[in-house]
Undergrad: 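Quick one: this structure, given as structure tokens, is what I'll be asking you about.
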Amino acid sequence: VVAALAYITLSRGIAEGELLHLLSLEDDVLADVYEWWVPPIRTAPPLLLTRLLGDLLPYLSRRGDGIGVELLSWYHRQFWEASDEFLFGSAWSSPQIQRRHKELADFFSGSWAGRAKPY
């Protein structure tokens with residue numbers, strides 16, 4: 001949940017598919033999901049993200065990006081501010097926020113395209 005909230009907060013608009021792929025790259029998320037079993041392909045189950053987004057539905061907005069993809073973002077600035085304060089505190093230089101920004105940058109730059117992430 002924390003990783004998904006962080007990606008929604010930092011991206012200011014992210015597609016559901018991109019969010020699922022980012023969560024699949026997050027070792028902590030996969031360790032929590034697959035606590036007792038290691039699947040042959042390590043990806044985050046789409047149903048978990050669907051359930052989480054269903055719970056967050058009143059607080060999220062879906063807007064188009066101009067090419068037909070819906071982007072998720074916080075419905076109101078106060079939700080973004082509350083999430084930012086809860087996740088990262090008041091310091092924009094915290095290690096947690098730098099880590100999440102690096103994960104987003106690696107994903108969108110294509111660092112993991114075409115190769116499996118080691119674990």
Side-chain angles (χ1 to χ4, degrees):
V1 174
V2 171
L5 294 177
Y7 294 137
I8 292 169
T9 301
L10 292 176
S11 67
R12 309 266 178 109
I14 189 166
E16 195 170 329
E18 293 168 343
L19 185 56
L20 183 63
H21 288 299
L22 279 163
L23 293 175
S24 295
L25 290 172
E26 182 66 40
D27 289 330
D28 294 335
V29 170
L30 295 177
D32 287 342
V33 171
Y34 299 115
E35 185 175 355
W36 306 107
W37 177 64
V38 177
I41 299 174
R42 288 182 44 140
T43 60
L47 182 59
L48 292 179
L49 181 59
T50 302
R51 291 179 63 195
L52 175 63
L53 294 178
D55 290 343
L56 293 174
L57 188 63
Y59 313 108
L60 295 175
S61 70
R62 294 179 181 261
R63 57 184 168 81
D65 69 345
I67 60 170
V69 177
E70 284 187 343
L71 300 177
L72 299 168
S73 60
W74 293 113
Y75 178 74
H76 195 276
R77 181 178 53 93
Q78 289 176 334
F79 296 135
W80 176 80
E81 289 172 350
S83 176
D84 185 55
E85 181 68 28
F86 172 73
L87 294 168
F88 308 117
S90 59
W92 273 89
S93 62
S94 72
Q96 178 72 359
I97 198 166
Q98 291 175 357
R99 177 180 150 219
R100 297 293 181 191
H101 269 293
K102 182 179 180 335
E103 291 165 357
L104 282 168
D106 287 345
F107 176 76
F108 286 110
S109 69
S111 296
W112 298 108
R115 64 185 178 115
K117 184 175 184 281
Y119 62 94

Undergrad: Could you check whether any side-chain heavy atom of Val2 comes within less than 4.5 Å of a side-chain heavy atom of Asp28, counting everything from C-beta outward?
TA: no
Undergrad: So with a 6.0 Å cut-off around CH2 of Trp36, is the heavy-atom count from everything else above 12?
TA: no
Undergrad: Is there a path of hydrophobic side-chain contacts, each under 4.5 Å between heavy atoms of I, L, V, M, F, W or Y residues, that connects Val1 with Leu30?
TA: yes
Undergrad: So does Ala44 get a backbone contact from the side chain of Tyr34, meaning a donor-acceptor N/O pair under 3.5 Å?
TA: no
Undergrad: Under the side chain to side chain donor-acceptor pair (under 3.5 Å) rule, what do Tyr7 and Glu18 come out as? Steps first, then yes or no, please.
TA: CA-CA 10 Å; Tyr7 294 137; Glu18 293 168 343; over 6 Å; no
Undergrad: State plainly whether one hydrophobic cluster holds both Leu20 and Leu60, where clusters connect Ile, Leu, Val, Met, Phe, Trp and Tyr through side-chain heavy atoms under 4.5 angstrom apart.
TA: yes
Undergrad: Rounded to the nearest 0.5 Å, what's the gap from NE2 on His21 to CG on Leu49? Could you check?
TA: 11.0 Å
Undergrad: Is any side-chain heavy atom of Arg62 less than 4.5 Å from a side-chain heavy atom of Leu72?
TA: yes
Undergrad: For the residue pair Glu103 and Leu25, establish whether any side-chain heavy-atom pair is separated by less than 4.5 Å.
TA: no
Undergrad: About how many Å separate CG of Asp32 and CG of Asp27, when rounded to the nearest 0.5 Å?
TA: 11.0 Å
Undergrad: Checking Leu22 against Ile14 for the side-chain contact (heavy atoms from CB on, under 4.5 Å) test, could you report, in this order, the C-alpha distance in whole Å, the side-chain angles of both residues, the deciding distance, and whether it holds?
TA: CA-CA 10 Å; Leu22 279 163; Ile14 189 166; 3.4 Å; yes
Undergrad: Please give me the minimum heavy-atom distance between Ala3 and Leu23, naming the atom from each residue.
TA: CB-CD2, 3.7 Å
Undergrad: Give, for atom CZ of Phe108 and atom OG of Ser11, the distance between the pair rounded to the nearest 0.5 Å.
TA: 7.0 Å
Undergrad: To the nearest 0.5 Å, what is the distance between CD1 on Ile8 and OH on Tyr59?
TA: 13.5 Å
Undergrad: Is any side-chain heavy atom of Glu85 closer than 4.5 Å to a side-chain heavy atom of Glu81?
TA: no
Undergrad: With heavy-atom distances below 4.5 Å as the criterion, would you say the side chains of Leu56 and Tyr75 are in contact?
TA: no
Undergrad: Which atom pair, heavy atoms only, marks the closest approach of Leu71 to Ala15?
TA: CD2-N, 3.6 Å
Undergrad: Check whether more than 12 heavy atoms from other residues, nucleotides or ligands sit under 6.0 Å from atom CZ of Phe79, and answer yes or no.
TA: yes
Undergrad: Within a strict 4.5 Å, meaning less than it, do heavy atoms of the Leu47 and Arg51 side chains meet?
TA: yes
